[in-house]
Amino acid sequence: MDKINQGGLSMNSQAQLTTIKTFAKSKLAADKTGHNFDHIQRVVKLANRLAKAQTKPVDLTVILAAAYLHDTIDDKLVASPKQAVNEVKELLTSLAFSSAQSDEIIHIITHMSYASNLNEKQVLSLEGQIVQDADWLDAIGAIGITRAIYYGGAHGEKIYDPEILPRTQLDKASYRNLADETIINHFYEKLFKLADMLNTPQARALAASRQQVMKDFVATFKAEWDAEA
Ligand code: ADP
Ligand code: NI
């Protein structure tokens, strides 16, 4: 694990996380939609930072393992999420995680996504809330703008169309239906909402300037579109 402070982790945890990191890297190496291993490294770093800021005790190994693994089972990235979850379970067992830790990691990575929270809000432990916050922080701000454009380009979305209004009633199926999606509408359908959905005060504090960057970006974009800027 480079670049993150491993303070407090046992040698065994560090060894487990090194293997998990290699596994996640190999699974996401080919991604061209903004979920590659750079995204994972940023989420791990943010999760580590948020974990260190907690006053309640948290299981840092569970947090970092879930941060590394969270996109390896995503239904938009893998052909068979069920098979991918089984593979992660086998990995955790082979690394001698306790069944409680393994169950917790699997619960976090299968319940934390924005998409899986659209139909009903999922209950997460503090460890899960931290990983979700880290993932959502990486979806907003300057990085978030870039990822939305990258994802939209990869899926052939229009950049903007003033005739297409942002959708307000979104369930998971409609969220994933990109037929009438535009990159600018994605800010209204998801990105502007995330700051208020964050769990920890530390993540909310980090989100404030990221939110402003996005608001300024969309406002300037529209002004330029209308030849007003
Ligand atoms: P989650 O895994 O939490 O459900 P998503 O798959 O919605 O997250 O989003 C992951 C990344 O892809 C984010 O950075 C997000 O902004 C981007 N993204 C998702 N859907 C769209 C979209 N329709 N247009 C542009 N970017 C998108
Ligand atoms: Ni992610």
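As the structure lists them, so they are numbered: ligands from 1, and atoms in each ligand from 1. The shown structure was predicted, so the numbers you read here are calculated from the model rather than taken from an experiment.
- Every atom of ligand 1 with a heavy atom of R147 under 4.0 Å away is listed here by number and element: 11 (C), 14 (O).
- The side chain to side chain contact (heavy atoms under 4.5 Å, CB included) test with L46 singles out one residue from D133, D135, L206, and that residue is L206.
- Within the 4.0 Å heavy-atom cutoff, Q132 does not count among the residues contacting ligand 1.
- Interface of Y175 with ligand 1, defined as ligand atoms under 4.0 Å from a residue heavy atom, comprises 5 (P), 7 (O), 19 (C), 20 (N).
- Atom OD1 is the N, O or S atom of D135 at the shortest distance from the Ni ion (ligand 2).
- Between the D161 side chain and the E163 main chain, a donor and an acceptor come within less than 3.5 Å of each other.
- Remark: of the listed residues I40, I109, V43, V78, I40 is the sole one forming a side chain to side chain contact (heavy atoms under 4.5 Å, CB included) with D71.
- Look at D74 and you'll find a heavy atom under 4.0 Å from some atom of ligand 1.
- Remark: of the listed residues L69, T18, L28, L69 is the sole one forming a side chain to side chain contact (heavy atoms under 4.5 Å, CB included) with F23.
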task = Take R210 and D138 through the salt bridge (Lys or Arg N to Asp or Glu O under 4.0 Å) test and state the conclusion after the steps.
result = CA-CA 10 Å; R210 293 179 185 232; D138 201 58; 5.0 Å; no
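- If you number the atoms of ligand 1 from 1 as listed, the ones under 4.0 Å from a heavy atom of L191 come out as 16 (O).
- Residue E157 touches ligand 1 through its side chain alone, judged by heavy-atom distances below 4.0 Å.
- The proximity of L178 to ligand 1, defined as any non-hydrogen pair under 4.0 Å, is limited to the side chain.
- For the pair K215 and F192, the cation-pi criterion (under 6.0 Å, within 45° of the ring axis) is fulfilled.
- Among all heavy-atom pairs drawn from A65 and L17, the shortest one is N-CD2, 3.5 Å.
- Ligand 1 is approached by K190 to a heavy-atom distance shorter than 4.0 Å.
- Every pair passing side chain to side chain donor-acceptor pair (under 3.5 Å) that includes a residue from residues 83-96 is listed here, sequence neighbours excluded: K27-E87.
- Among the backbone and side-chain atoms of D138, none of the N, O or S atoms lies under 2.8 Å from the Ni ion (ligand 2).
- For I164, the CD1 atom counts as densely surrounded, since its 6.0 Å shell holds more than 12 non-hydrogen atoms of other residues, nucleotides or ligands.
- Using a 4.0 Å heavy-atom cutoff, W136 is listed among the residues neighbouring ligand 1.
- Counting the atoms of ligand 1 from 1 in the order shown, those under 4.0 Å from a heavy atom of R176 are 4 (O), 6 (O), 7 (O).
- Between D75 and K172, at least one side-chain N (NZ, or NE/NH1/NH2) sits under 4.0 Å from a carboxylate O, which counts as a salt bridge.
- Each of the following atoms of ligand 1 lies closer than 4.0 Å to a heavy atom of A115: 4 (O).
- The N, O or S atom of D71 lying closest to the Ni ion (ligand 2) is OD2.
- For Y151, every heavy-atom contact with ligand 1 shorter than 4.0 Å involves the side chain, none the backbone.
- Here K76 has side-chain heavy atoms under 4.0 Å from ligand 1, and that is the only part of it that gets that close.
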